[in-house]
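These notes are about the structure you will find just below.
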2 protein chains.
Amino acid sequence: MTKEPKAGAIRQHNKQRILAAAEEAFAEHGFKGTSVQKIADMAGLPKTNVLYYFNSKQGLYIAVLEQILSLWNSAFDSATVEDDPAEVLAQYISDKMRISQEKPQGSKIFALEIINGAHNLTDFFKHNHVSWMQSRVGVIQQWIDQGKIDTQDPYYLLFHIWSCSQHYADFSAQITELKGSKMNAQDFEQATRSLVQLILKGCGLSVPSKYA
Amino acid sequence: MTKEPKAGAIRQHNKQRILAAAEEAFAEHGFKGTSVQKIADMAGLPKTNVLYYFNSKQGLYIAVLEQILSLWNSAFDSATVEDDPAEVLAQYISDKMRISQEKPQGSKIFALEIINGAHNLTDFFKHNHVSWMQSRVGVIQQWIDQGKIDTQDPYYLLFHIWSCSQHYADFSAQITELKGSKMNAQDFEQATRSLVQLILKGCGLSVPSKYA
DNA sequence: CAAAAACCAGACCACTTGGTCAACATTTTT
DNA sequence: AAAAATGTTGACCAAGTGGTCTGGTTTTTG
């Protein structure tokens with residue numbers, strides 16, 4: 001069992017400092033490509049100190065992962081059949097795009113983790129993830145059955161929403177190269193509108209004026 | 001200049017052997033996570049031999065990258081305004097999905113490379129890529145101007161096509177987890193139809209019967 | 001204020017890494 | 001068949017790795 005000493009303002013502060021540095025480093029160089037020493041330098045602490053708070057490099061990595069996942073909630077999580085699919089999906093896409101804009105590192109780390117086989121995601125998380133998926137697929141299927149949106153496999157719809165929105169975080173280097181400059185806030189707005197229109201129209205929905 | 005000794009059946013054969021092993025290893029563990037020793041083992045050769053053909057680990061990695069990129073061509077590359085956008089886009093999406101199914105390692109390596117900042121892609125490739133993009137964006141824009149497809153930023157449309165199709169290669173671990181089993185040929189067919197419908201309908205096009 | 005708990009950090013270690021070198025074997029060319 | 005080019009390989013190395021240990025300092029607590 002991991003010891004969890006209560007409170008400790010210093011502990012709190014230092015752990016946060018280390019987590020922030022680790023998130024940046026892991027996002028940029030991956031797990032193997034990041035050394036504990038480098039994280040320590042970025043956090044302005046000796047290496048031993050990092051290992052003191054997080055017992056191992058992997059422990060720190062998992063802590064980073066969990067912190068990221070805890071921030072990925074959305075109104076879509078609790079949507080029901082009663083809700084308007086156009087409204088709910090548009091909101092969900094907007095949420096995911098905002099996360100890609102504001103927390104690109106998290107998305108990158110998650111992507112790296114999945115590409116490498118997701119070996120560090122706990123069974124607890126995986127189980128949660130599967131449950132969430134089944135529940136959301138259920139709602140979408142009901143929308144389909146009621147003829148509110150086009151017939152399709154709800155799994156693929158969700159995959160497509162994720163991939164497009166996360167693309168703006170994960171592949172930012174490529175996007176910058178191709179567009180000639182880094183995407184700014186206005187670009188993100190436009191990309192979001194573009195994606196909302198594509199997905200909603202692609203599902204046979206019309207875009208709520210709020211997102212047009 | 002890199003010496004390129006003519007012919008040499010042995011050379012050809014060994015290099016190919018090493019490239020294949022390296023592709024598999026890099027896709028699974030990334031650049032930093034793969035040791036030259038491991039690649040050598042997989043290729044059934046001593047480490048020194050690998051370094052003999054490719055002067056460094058990075059050299060080998062770049063060779064792998066170039067080999068991958070050389071296979072990513074499609075009919076879309078040479079499409080013109082005269083062509084039917086529905087037909088061309090549906091074909092392009094199908095092509096990209098087939099690559100995700102048949103060559104997932106390549107897609108993964110490319111994704112890892114981009115996430116990590118694309119530092120190993122040569123300027124030559126980047127320039128080619130930008131040119132390709134501008135040319136394709138031009139064609140799409142003309143389709144828009146002629147009212148053949150919905151008004152939108154062509155850049156984002158292409159990003160969305162890429163991200164969705166590559167998602168099936170890069171995030172296969174997550175998909176398998178969520179769907180409960182690895183995607184088979186039939187699943188890929190269905191996913192392709194689903195994506196073609198989403199994108200085309202999202203652009204205001206109707207799906208050619210061939211892809212419905 | 002003293003003891004206990006928490007925190008800090010240099011020295012150190014076993015191990016892996018990419019890469020070199022020199023000697024030897026094989027193939028190709030003349 | 002001699003010479004030149006190409007291929008093969010074990011021994012070796014310097015640098016970097018995650019992680020431990022030990023002894024100290026600071027902070028918290030009774």
Side-chain angles (χ1 to χ4, degrees), chain A residues 1-26 28-65 109 112-113 116 119-120, chain B residues 1-26 28-65 109 112-113 116 119-120:
Chain A
M1 318 307 143
T2 54
K3 286 185 275 183
E4 280 293 334
K6 255 299 185 62
I10 304 174
R11 194 177 193 77
Q12 205 71 18
H13 176 255
N14 279 349
K15 284 186 86 167
Q16 209 48 52
R17 213 179 153 73
I18 294 168
L19 279 172
E23 184 172 325
E24 197 180 326
F26 285 138
E28 192 154 356
H29 303 106
F31 179 75
K32 281 278 196 172
T34 302
S35 68
V36 177
Q37 183 66 66
K38 179 79 186 187
I39 295 172
D41 290 347
M42 289 168 68
L45 294 167
K47 185 179 69 165
T48 1
N49 216 317
V50 174
L51 273 316
Y52 171 70
Y53 287 105
F54 301 88
N55 303 315
S56 67
K57 185 188 178 184
Q58 176 148 161
L60 170 55
Y61 177 68
I62 290 176
V64 169
L65 220 43
I109 293 174
L112 291 171
E113 174 61 20
N116 284 14
H119 300 301
N120 292 290
Chain B
M1 316 303 148
T2 54
K3 283 186 275 179
E4 282 293 337
K6 256 298 182 65
I10 306 174
R11 192 176 194 81
Q12 204 72 16
H13 175 256
N14 279 349
K15 283 186 87 167
Q16 208 48 50
R17 211 179 154 74
I18 294 168
L19 279 172
E23 184 173 326
E24 197 181 325
F26 284 138
E28 193 154 356
H29 303 105
F31 179 74
K32 280 277 193 173
T34 302
S35 68
V36 177
Q37 184 66 65
K38 179 80 187 188
I39 295 172
D41 290 349
M42 290 170 66
L45 294 168
K47 186 178 69 164
T48 354
N49 215 317
V50 173
L51 272 318
Y52 171 70
Y53 286 105
F54 301 89
N55 302 315
S56 68
K57 184 187 179 184
Q58 177 148 161
L60 170 53
Y61 176 69
I62 291 177
V64 168
L65 266 181
I109 293 175
L112 291 170
E113 173 62 20
N116 284 13
H119 299 302
N120 292 290

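In what follows, every chain begins at residue 1, and chains take the letters A, B, ... in the order their sequences are listed.
- Less than 4.0 Å separates DNA chain D from at least one heavy atom of each of the following residues of residues 30-49 of chain B: B:P46, B:T48, B:N49.
- The interatomic distance linking B:Y61 (OH) with C:dG18 (C1') rounds to 17 Å, in whole Å.
- The stretch residues 16-26 of chain B has no heavy atom under 4.0 Å from DNA chain C, so no residue of it qualifies as close.
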Side-chain donor-acceptor contacts of residues 35-45 of chain B below 3.5 Å, not counting sequence neighbours, with atom names and distances?
unit_1	atom_1	unit_2	atom_2	d
B:S35	OG	B:K38	N	3.1
B:Q37	NE2	B:D41	OD1	3.1

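- Note: CG (B:L51) to C1' (D:dG10) measures 14 Å, nearest angstrom.
- Between B:F54 atom CZ and C:dT20 atom P there is a gap of 16 Å when expressed in whole angstrom units.
- From B:Q12, atom CD reaches atom CD1 of B:I10 across 11.5 Å, with rounding to the nearest 0.5 Å.
- Side-chain contact between A:L60 and A:L19 is present, with at least one heavy-atom pair separated by less than 4.5 Å.
- Of the inter-residue distances, the one linking B:K57 atom NZ with B:I62 atom CD1 reads 12.5 Å to the nearest 0.5 angstrom.
- If you measure from atom OH of A:Y53 to atom C1' of C:dA5, you get 13 Å, rounded to the nearest angstrom.
- Straight-line distance from the CG atom of B:L60 to the C1' atom of C:dG18: 12 Å, rounded to whole Å.
- If you take NE2 of B:H29 and C1' of C:dT17, they are 16 Å apart, rounded to a whole angstrom.
- Remark: A:S56 pairs with A:Q58 by the side chain to side chain contact (heavy atoms under 4.5 Å, CB included) rule, at least two apart or across chains.
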Between N or O atoms, less than 3.5 Å apart, protein on one side and nucleotides 23-30 of chain C on the other: list the pairs.
none

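- Not counting sequence neighbours, A:N116 has no partner by the side chain to side chain donor-acceptor pair (under 3.5 Å) test.
- Looking at residues two or more places apart in sequence or on another chain, you find no ring-ring contact (aromatic ring centres under 6.0 Å, His included) involving B:F54.
- When the ring-ring contact (aromatic ring centres under 6.0 Å, His included) test is applied to B:Y61, the partners found at least two apart in sequence or on another chain are B:F26, B:F31.
- OP1 and OP2 of C:dC8 both lie 4.0 Å or more from every side-chain N or O belonging to A:Y52.
- For the pair A:N14 and C:dC8, the criterion of a side-chain N or O lying under 4.0 Å from OP1 or OP2 is met.
- Note that CD of A:E28 and CG of A:L112 are 11.0 Å apart. Values are rounded to the nearest 0.5 Å.
- Every residue meeting the side chain to side chain contact (heavy atoms under 4.5 Å, CB included) condition with B:Y52, not counting sequence neighbours, appears here in chain and number order: B:R11, B:N49.
- Taking B:E23 as the reference, B:Q67 meet the side chain to side chain donor-acceptor pair (under 3.5 Å) condition, with sequence neighbours excluded.
- Residue A:R11 places no side-chain N or O under 4.0 Å from the OP1 or OP2 atom of C:dA6.
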